[in-house]
Amino acid sequence: MSTRAANSVIVLDFETTGLSPNQGDRAIEIGAVKLHDGVVIDTFQELMNPGFRVSGFIEGYTGISNSMLANAASCETVMDSFADFIRDSNLVAHNASFDKRFLDAELDAISRTYDGEFACSMLIARRLYQEAPNHKLGGLVEYKQIENDGVFHRALADSEMTAKLWLTMLDDMQLAHHISLPSFKLMQDLSKTTKSQVKSFLSKT
DNA sequence: TGCCAGGCCCTCTTTAGGGCCTT
């Protein structure tokens with residue numbers, strides 16, 4: 001039986017050298033916040049050296065330079081610590097399929113595993129906020145007027161904003177759909193519902 | 001050789017194509 005806490009979740013975000021670990025891309029930064037009962041109780045942020053120079057595009061996109069990575073610990077060292085951090089927690093990320101691919105690849109490289117499941121804040125937001133101009137993390141933060149410090153595309157900042165978006169979605173579901181406390185499983189199920197069936201899905205919860 | 005992400009989701013759909021989203 002898992003010891004996974006029902007009201008505990010870890011929201012994470014990777015900065016990487018590119019879009020696909022299958023094409024040789026590696027993680028260069030991991031940021032995460034641990035939420036318990038809607039409160040941040042722990043954070044994790046580390047740069048990691050991928051073993052090769054990152055492109056000028058990535059330096060500009062993330063603000064993470066090759067000189068910053070030169071003195072960073074290796075991916076293997078950082079991800080070993082991160083595996084200890086997430087343990088068997090359930091996980092949330094914005095466009096989770098992207099972060100899951102890198103988490104799986106980096107942990108596979110050091111023969112570590114994790115037991116939690118992923119929920120995707122982007123798929124859920126596409127269903128709850130169908131009228132939003134877009135469903136990028138920054139766009140949703142602006143649309144929902146979520147407090148932020150203006151830092152984007154850094155791992156801890158993005159994981160903090162994703163966490164605030166996650167809590168906002170939980171609040172909106174409780175207020176608009178009279179759901180007592182949406183469980184992680186309900187959020188996962190919502191992300192798998194067709195957009196046209198969201199209202200009927202929520203009315204049955 | 002020449003290509004190069006992958007999954008979701010909509011539509012002029014399902015015998016397909018293209019936009020969105022992540023770096």
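Every chain is numbered from 1 and lettered A, B, ... according to where its sequence line falls, protein lines coming before strand lines. Here the structure is a predicted model, which is why all the values come from computation and not from measurement.
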Salt-bridge contact [X]-[Y] (side-chain N to carboxylate O under 4.0 Å):
X: Arg87(A); Y: Asp115(A); answer: no
X: Arg26(A); Y: Glu106(A); answer: yes
X: Asp189(A); Y: Lys185(A); answer: yes
X: Asp84(A); Y: Arg112(A); answer: yes

How close or far is atom [atom2] of [N] from atom [atom1] of [X], stated in whole angstroms?
X: Asn134(A); N: dC20(B); atom1: CG; atom2: C1'; answer: 9 Å
X: Phe14(A); N: dC21(B); atom1: CZ; atom2: C1'; answer: 17 Å
X: Lys192(A); N: dC9(B); atom1: NZ; atom2: C1'; answer: 17 Å
X: Ile58(A); N: dT22(B); atom1: CD1; atom2: P; answer: 13 Å
X: Met48(A); N: dT23(B); atom1: CE; atom2: C1'; answer: 13 Å
X: Lys136(A); N: dG19(B); atom1: NZ; atom2: C1'; answer: 12 Å
X: Leu123(A); N: dC21(B); atom1: CG; atom2: P; answer: 11 Å
X: Gln197(A); N: dC10(B); atom1: CD; atom2: P; answer: 11 Å

Using OP1 and OP2 only, check whether a side-chain N or O of His153(A) sits under 4.0 Å from dT23(B).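 It does, given that an N or O in the side chain of His153(A) lies less than 4.0 Å from OP1 or OP2 of dT23(B).
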OP1, OP2 of dC21(B) versus side-chain N and O of His135(A): anything below 4.0 Å?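 The answer is yes; a side-chain N or O of His135(A) sits under 4.0 Å from OP1 or OP2.
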[atom1]-based separation of [M] from [N] [nearest Å]:
N: dG17(B); M: dC4(B); atom1: P; answer: 15 Å
N: dT14(B); M: dC8(B); atom1: C1'; answer: 16 Å
N: dT23(B); M: dG7(B); atom1: C1'; answer: 16 Å
N: dC20(B); M: dC12(B); atom1: P; answer: 16 Å
N: dT13(B); M: dG19(B); atom1: C1'; answer: 15 Å

If you compare all heavy atoms of Phe102(A) against all heavy atoms of Gly18(A), which two are closest, and at what distance to 0.1 Å?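 In terms of heavy atoms, the two residues are closest at CZ-O, 3.5 Å.
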For [X], which contact category applies under a 4.0 Å heavy-atom criterion: base, sugar-phosphate, or nothing?
X: Ile28(A); result: nothing
X: Asp99(A); result: nothing
X: Thr62(A); result: sugar-phosphate

Does the side chain of Leu19(A) reach to within under 4.5 Å of the side chain of Phe98(A), using non-hydrogen atoms?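 Side chain of Leu19(A) against side chain of Phe98(A), heavy atoms only: contact under 4.5 Å found.
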What I want to check is whether the side chains of Thr62(A) and His153(A) have a donor and an acceptor closer together than 3.5 Å.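 Not at all, the side chains of Thr62(A) and His153(A) share no donor-acceptor pair under 3.5 Å.
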Would Ser200(A) and Gln197(A) count as having a side-chain donor-acceptor pair, cut-off 3.5 Å?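 Per modelled atom types, Ser200(A) and Gln197(A) side chains form no pair under 3.5 Å.
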First encountered from the 5' end of DNA chain B, between Ser196(A) and His94(A):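 Nearer the 5' end of the strand: Ser196(A).
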Give each protein N/O atom lying under 3.5 Å from an N/O atom of nucleotides 4-7 of chain B, with the pair distance.
from, atom 1, to, atom 2, distance (Å)
dG6(B), OP1, Asn22(A), ND2, 2.8

